[in-house]
Amino acid sequence: MRETALLPADGAASDWTIAQGWQNYTAADHAVWDELYARQIALLPQRVVPDFLTGVAALGMDAPGIPDFESLSARLGRLTGWSVIAVPGLVPDEVFFEHLANRRFVAGRFIRSREQLDYLQEPDVFHDVFGHVPLLAHPVYADYMQAYGRGGLRAMGFGAIHKLARLYWHTVEFGLIRDGDRLRLFGAGIISSRGESLYALDDPAPPRIAFDLRRVMRTEYVIDRYQQHYFVIDSFEDLLRRTLEVDFGPLYAELEQLADLGPSATLPSDRLYAAPPLGGVAAQHSTATSAGLPGTP
Ligand code: HBI
Ligand code: FE
């Protein structure tokens with residue numbers, strides 16, 4: 001089922017929500033989900049942050065077929081107070097932030113066709129639900145997503161949505177996270193893509209840069225190909241703390257004075273992680289190293 005974003009007048013509610021209509025999915029729709037799920041769950045265990053798999057199990061997402069948002073939301077609600085609601089497609093920023101600020105995750109209800117198995121431009125139910133929802137069962141990540149929504153509503157007042165959208169893109173969509181001395185996936189855009197789940201950890205090309213809020217909010221991104229660098233957070237607790245402790249007003253003013261950075265730029269001040277296959281903890285000094293630190297594998 002393909003749909004383009006409708007205006008509320010076309011059947012969506014004023015908050016852009018629509019019924020998921022789970023009973024309307026065909027066997028072919030469920031089969032596409034099952035194939036995407038089977039591919040990803042076969043390669044993620046050695047790559048994804050363990051909390052993701054914990055969420056998949058806790059939410060019963062290991063059952064076959066496209067999840068029914070109603071039963072998914074009942075389980076998720078008991079864990080972190082989040083629910084999953086269906087929308088026709090990309091919704092306006094203010095609608096998006098309002099839902100996140102109220103612990104409602106908006107998800108597309110359409111599923112890609114078999115021809116689009118490896119790539120589609122707009123988030124479908126596999127990207128939104130398999131990619132994003134399992135981590136919403138993690139209490140700290142759940143808090144971060146709500147804090148992000150509230151920050152988005154504030155950002156609108158500063159005309160700084162595009163800066164905040166970069167924070168979302170470089171973490172929630174395409175972020176990496178440290179797990180001991182290894183790097184792991186947590187961004188939904190990577191987790192829902194077979195090719196990028198491999199590329200983001202295995203390819204030596206893209207720099208892996210230690211997360212820095214200002215650096216991330218200055219950095220543009222590409223939407224039509226693999227990311228050209230990845231940002232690495234230390235933990236969800238650290239990401240939440242950095243988001244809550246900053247006063248975004250002065251930060252936006254400060255960012256206005258700094259040039260935006262292209263989607264493949266690196267700075268001398270970047271703390272780079274060793275390139276795979278050595279992979280390993282960040283270089284403690286500011287220049288790139290071609291290998292891990294002494295003592296790392
Ligand atoms: N709408 N349905 C949907 N899903 C998103 O992920 C989404 C959106 N609207 C805006 C948006 N994301 C981003 O621009 C936010 O960072 C603002
Ligand atoms: Fe997404």
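We count ligands from 1, going down the list as the structure has it; atoms in each ligand are counted the same way.
Given atom 2 (N) of ligand 1, the protein heavy atom at minimum distance is G89 O, 3.0 Å. Atom 5 (C) of ligand 1 has F96 CE1, 3.3 Å as its closest protein atom, hydrogens excluded (heavy atom only). Nearest protein neighbour of atom 13 (C) of ligand 1, counting heavy atoms only, is D93 OD1, 4.1 Å.
For the Fe ion (ligand 2), the set of nearby N, O or S atoms under 2.8 Å includes one belonging to E173.
Residue-ligand proximity, Y148 to ligand 1, at heavy-atom distances under 4.0 Å covers atoms 16 (O). The atoms of ligand 1 that sit less than 4.0 Å from any heavy atom of A165 are 16 (O). Close contacts between ligand 1 and V106 involve ligand atoms 2 (N), 3 (C) [criterion: under 4.0 Å to a heavy atom].
With respect to Y144, the side-chain contact (heavy atoms from CB on, under 4.5 Å) criterion is satisfied by exactly one of T243, L136, L135, L244: T243. When each of Y37, Y25, F126 is paired with H30, the ring pair (Phe, Tyr, Trp, His ring centres under 6.0 Å) condition holds for Y25 and for no other.
The aromatic rings of Y148 and F97 are tilted relative to each other, their planes meeting at an angle between 30° and 60°. Relative orientation of the H127 and H132 rings is perpendicular, given thresholds of 30° and 60° on the angle between their planes.
Residues D29 and T26 bring a donor and an acceptor atom of their side chains to less than 3.5 Å of each other.
For atom 9 (N) of ligand 1, the nearest non-hydrogen atom from the set L90, I161, V91 comes from V91.
Judged by the shortest distance from any of its heavy atoms, P92 lies outside the 4.0 Å radius around the atoms of ligand 1. For the pair W169 and ligand 1, no heavy-atom separation below 4.0 Å is found.
With respect to E256 and K163, a salt bridge is recorded, a charged nitrogen being found less than 4.0 Å from a carboxylate O.
V222 and L198 fall into different hydrophobic clusters, defined by Ile, Leu, Val, Met, Phe, Trp and Tyr side-chain heavy atoms under 4.5 Å apart, directly or through other members.
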